[in-house]
Student: 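Before anything else, here's the structure in question.
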Amino acid sequence: MSTTTAPKLKTSAMIASFADPGQKTISAPFGHALVKAAQENDKIVGLTADLGKYTDMHIFAEAFPERFFQMGMAEQVLFGAAAGFAETGLIPFASTYSVFAARRAYDFLCLDIAEPNLNVNVVGGLPGLTTGYGPSHQATEDMAIFRAMPNLTIVDPCDSVDIEQAVPQLAASDGPTYLRLLRGKVPTVLDEYDYTFELGKAKELRGGNDVVFVSSGLMTMRALQAADALAKHKVDVAVVHAPTIKPFDSQTVLNAIDSNRLAFTLENHSVIGGLFETVASASVRAGLGKRIVPIGLPDEFLDAGALPTLHERYGLSVDRIVAKVLAELG
């Protein structure tokens with residue numbers, strides 16, 4: 001009787017890439033961008049809470065071991081130490097998972113860093129639905145938690161281009177920042193457009209007469225893909241990328257949605273408290289009276305599983321976006 005050994009199944013749920021098969025990617029753009037920035041600015045230091053490899057901070061640690069600090073599994077200590085570094089004139093980048101930054105160490109970020117308006121750059125891995133490990137690791141509400149914190153700048157980058165260009169601007173900006181990190185093999189998308197990241201600015205990537213997408217984070221990649229797919233249905237879609245959630249570029253976004261086009265927001269975050277409510281609030285304040293349709297994660301704890309399955313289930317896939325738009329257009 002012969003026996004065969006079944007292949008060992010492997011899961012990449014924790015660090016799964018949202019890149020499409022064959023898509024152009026860059027490995028660890030944050031880590032390499034931080035190294036480049038640190039080569040030009042000797043005040044930059046890096047810290048992490050036992051998550052160097054999983055936030056791409058290990059790239060910096062290898063390049064500048066004397067400027068890297070491993071704080072262990074202690075997120076509150078991570079932010080307290082980062083505040084201390086900033087008080088001495090250094091520019092710390094402190095990395096952990098978004099869930100730990102937002103849920104576990106909020107008070108330390110608020111009172112040690114934001115209240116004194118220190119230049120501490122918090123780097124949060126696994127934002128939104130970028131891991132299959134379930135609610136303990138899926139930071140679906142981090143922007144909602146952080147938007148009300150005074151002085152805190154929030155950046156939700158689309159791809160490697162955004163990250164590479166954002167890092168030196170975050171280091172140079174006054175006050176604290178929070179970057180929703182895309183790590184590992186990160187798609188390169190925005191190089192195909194006439195685009196440059198500017199902190200606090202939204203940019204129109206493509207025009208369109210029928211529909212306007214306002215998107216942030218990885219959902220800008222999906223918005224562009226959905227726009228191409230909708231063109232086959234004779235639907236002309238404009239895409240406005242808003243990587244800075246706070247301070248928000250209301251003028252650019254409202255200029256885009258103040259038309260007879262159907263408006264959507266697309267975000268890798270709960271529909272509560274993130275990009276949708278930021279845009280809706282700006283619209284109401286301006287008196288536009290504009291209907292805005294949210295595409296984002298539902299107000300619930302999400303399942304664990306493979307990312308493609310979860311993105312399809314919760315409406316973040318290109319097919320689900322296209323179906324939503326066509327349904328709204330009737």
Student: Out of Phe85, Phe79, Phe93, which residue meets the side chain to side chain contact (heavy atoms under 4.5 Å, CB included) rule with Leu47?
Tutor: Phe85
Student: Keeping to residues at least two apart or across chains, list the ring pair (Phe, Tyr, Trp, His ring centres under 6.0 Å) pairs with something in residues 292-320.
Tutor: none
Student: Considering only residues two or more places apart or on different chains, which pairs with a residue in residues 242-288 satisfy ring pair (Phe, Tyr, Trp, His ring centres under 6.0 Å)?
Tutor: Phe213-Phe264
Student: I want to check something: taking the side chain as every heavy atom from C-beta on, are Ile163 and Phe30 in contact at a cut-off of under 4.5 Å?
Tutor: yes
Student: Is any side-chain heavy atom of Val240 closer than 4.5 Å to one of Val212?
Tutor: yes
Student: Using side-chain heavy atoms (C-beta onward) and a distance below 4.5 Å, is Pro298 in contact with Val271?
Tutor: no
Student: With sequence neighbours left out, what residues match Arg222 under salt bridge (Lys or Arg N to Asp or Glu O under 4.0 Å)?
Tutor: none
Student: Set out, in order, the CA-CA distance, both residues' side-chain angles and the distance that settles side chain to side chain contact (heavy atoms under 4.5 Å, CB included) for Arg291 and Leu262, then state yes or no.
Tutor: CA-CA 8 Å; Arg291 179 171 181 256; Leu262 184 59; 4.0 Å; yes
Student: Among all residues two or more places apart in sequence or in another chain, which pass the side-chain hydrogen bond (donor to acceptor under 3.5 Å, both in side chains) test with Glu141?
Tutor: Arg103
Student: Provide the closest heavy-atom pair for Ala74 versus Ala49 in the form atom of the first, atom of the second, distance.
Tutor: N-CB, 4.3 Å
Student: Among pairs that include at least one residue of residues 178-206, which meet ring pair (Phe, Tyr, Trp, His ring centres under 6.0 Å), considering only residues two or more places apart or in two chains?
Tutor: Phe146-Tyr178, Tyr195-His241
Student: Please enumerate all residues that pass side-chain hydrogen bond (donor to acceptor under 3.5 Å, both in side chains) together with Lys203, with sequence neighbours excluded.
Tutor: Glu198
Student: Going by an N to O cut-off under 4.0 Å, is there a salt bridge joining Asp258 and Lys290?
Tutor: no
Student: How would you list, by chain and number, every residue that makes a ring-ring contact (aromatic ring centres under 6.0 Å, His included) with Phe64, sequence neighbours excluded?
Tutor: Phe60
Student: Does Gln251, at its CD atom, have more than 12 non-hydrogen atoms belonging to other residues, nucleotides or ligands within less than 6.0 Å?
Tutor: no
Student: Are Asp20 and Gln225 close enough that a side-chain donor and a side-chain acceptor fall under 3.5 Å?
Tutor: yes
Student: Does a side-chain heavy-atom distance below 4.5 Å link Gln138 with Leu302?
Tutor: yes
Student: Would you call Lys201 and Asp249 a salt bridge, using N to O less than 4.0 angstrom?
Tutor: no
Student: Can you confirm whether Leu126 sits close enough to Val99 that some side-chain heavy atom of one is under 4.5 Å from a side-chain heavy atom of the other?
Tutor: no
Student: List the residues meeting side-chain contact (heavy atoms from CB on, under 4.5 Å) with Pro116, not counting sequence neighbours, and say none if there are none.
Tutor: Leu118
Student: Keeping to residues at least two apart or across chains, list the side chain to side chain donor-acceptor pair (under 3.5 Å) pairs with something in residues 21-39.
Tutor: Lys24-Asp191
Student: Answer yes or no: is there a side-chain heavy-atom contact under 4.5 Å between Val211 and Val235?
Tutor: yes
Student: Side chains of Thr278 and Arg147: closer than 4.5 Å at any heavy-atom pair?
Tutor: yes
Student: Give a yes-or-no answer on whether the side chains of Asn121 and Thr177 include a donor-acceptor pair shorter than 3.5 Å.
Tutor: yes
Student: Just so I know, are the side chains of Val45 and Ile91 near enough to count as touching, which here means a heavy-atom distance under 4.5 Å?
Tutor: no
Student: Is it true that the side chains of Thr188 and Ser160 contain a donor and an acceptor less than 3.5 Å apart?
Tutor: yes
Student: Considering residues at least two apart in sequence or located in another chain, which fulfil the side-chain contact (heavy atoms from CB on, under 4.5 Å) criterion with Val322?
Tutor: Ala226, Ala229, Leu230, His233, Val318, Leu326
Student: If you look only at pairs with a residue in residues 40-53, which of them pass as a side chain to side chain donor-acceptor pair (under 3.5 Å), with sequence neighbours excluded?
Tutor: Thr48-Ser95
Student: Once salt bridge (Lys or Arg N to Asp or Glu O under 4.0 Å) is applied, do any residues pair with Asp142, and if so which ones, sequence neighbours excluded?
Tutor: Arg180
